[in-house]
Number of protein chains: 2
Amino acid sequence: MMVNRQEESYKYKKVISIGIVSELTGLSPRQIRYYEERKLVFPDRSKGSRKYSFADVEQLMRIADQREEGVSTYEIRQEMTKELRERMLKGQMNAHFRMRS
Amino acid sequence: MMVNRQEESYKYKKVISIGIVSELTGLSPRQIRYYEERKLVFPDRSKGSRKYSFADVEQLMRIADQREEGVSTYEIRQEMTKELRERMLKGQMNAHFRMRS
DNA sequence: CGTGTAAGGAATTCTGACACG
DNA sequence: CGTGTAAGGAATTCTGACACG
């Protein structure tokens, strides 16, 4: 499951405009912008307009699923922060004990 | 070097507008459109406007290199057709003899 | 809270054409 | 042949705001 650097970068390169993201996710541009306001996605800006990565698109699809289940943007944000904390902790443990994942 | 289907698709999904492709390749929109006219790239259309994949971007970078070396669009096209013929022939041989690549 | 919409402006993209060479 | 540019129009995106609830 290893991917070369070039291949990997496709997933994270922010090159997709909001209209296409809207088509890809089924979310309205309004919703997509609102989720940014709530700090759930972080597009780049290219001359004023938002640019998203495929990773962002995946993230937005997860958000859409959770919203359908009635999860609030605040709760989604909490969950994200929590997962980030866990990943950082795991990273620290790896650094200390040279664990293999 | 195997990549899952999701990962793979990022490379070929046509989601990038011409302005971003221009930034990514250093080519002008005019040049990019011209190379399409010469049948060197084949963007999709989303409501009238061209959409490119990362594979297209790579292809355009190769074209840019060749053009700098003085290769004409006609010659580049010939080379592409030739490579396609070879790949198709190889595919046929695989089908017949169950060769492993 | 989450989303729709109308508003006005700025930037993008499209095509066909003329220019140069 | 390959590329720049001005032209006019259409579609996109942006922001801040009002609306509903």
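Each chain gets a letter, A, B and so on, in the order its sequence line appears, and its residues count up from 1. The structure presented is a predicted model; accordingly, all values stated were derived computationally and were not measured.
Dashed line: the shortest gap from a side-chain N or O of A:Y35 to OP1 or OP2 of C:dT3 is under 4.0 Å.
The side-chain hydrogen bond (donor to acceptor under 3.5 Å, both in side chains) pairs that include a residue from residues 72-81 of chain B are B:R38-B:T73, B:S72-B:E75, B:Y74-B:Q78, where partners are two or more places apart or lie in different chains.
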Listed pairs, N/O of protein and of nucleotides 5-8 of chain C, under 3.5 Å:
from	atom 1	to	atom 2	distance (Å)
C:dT5	O4	A:R30	NE	3.3

Please write out the pairs of protein N or O atoms and N or O atoms of nucleotides 9-13 of chain D separated by less than 3.5 Å, giving the distance to one decimal.
from	atom 1	to	atom 2	distance (Å)
D:dT12	OP1	B:K47	NZ	3.0
D:dT13	OP1	A:S17	OG	3.1
D:dT13	OP1	A:G19	N	3.0
D:dT13	OP2	A:G19	N	3.4

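In the hydrophobic clustering, B:M88 connects to B:L84, either directly or through intervening members, whenever side-chain heavy atoms lie under 4.5 Å apart.
For B:K51 and C:dC14, the NZ to P distance is 8 Å, given to the nearest whole Å. Atom CZ of B:R38 and atom C1' of D:dT3 are 13 Å apart (whole Å). A:L60 has its CG atom 12 Å from the P atom of C:dT3, to the nearest Å. When rounded to the nearest whole Å, the span between CD1 of B:I32 and P of D:dG2 equals 16 Å. Taking atom OH on B:Y34 and atom P on C:dA19, their separation rounds to 19 Å, with Å as the unit.
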Walk me through it: do B:D44 and B:R50 pass the test salt bridge (charged side-chain N to carboxylate O under 4.0 Å, His left out)? CA-CA 6 Å; B:D44 274 2; B:R50 278 168 262 254; over 6 Å; no
I'd like to know whether B:S53 forms a side-chain contact (heavy atoms from CB on, under 4.5 Å) with B:V15, so could you lay out the CA-CA distance, the side-chain angles of the two residues, the decisive distance to 0.1 Å, and finally the verdict. CA-CA 6 Å; B:S53 66; B:V15 295; over 6 Å; no
Can you give the dot-bracket line for DNA chain D, using ( ) for pairs inside the strand, [ ] for pairs that cross earlier ones, | for pairs with another strand and . for unpaired bases, where Watson-Crick and G-U count if both distances are under 3.5 Å? .||||.||.|.|.||.||||.
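A heavy-atom distance below 4.0 Å to DNA chain D is reached by none of the residues of residues 64-78 of chain A.
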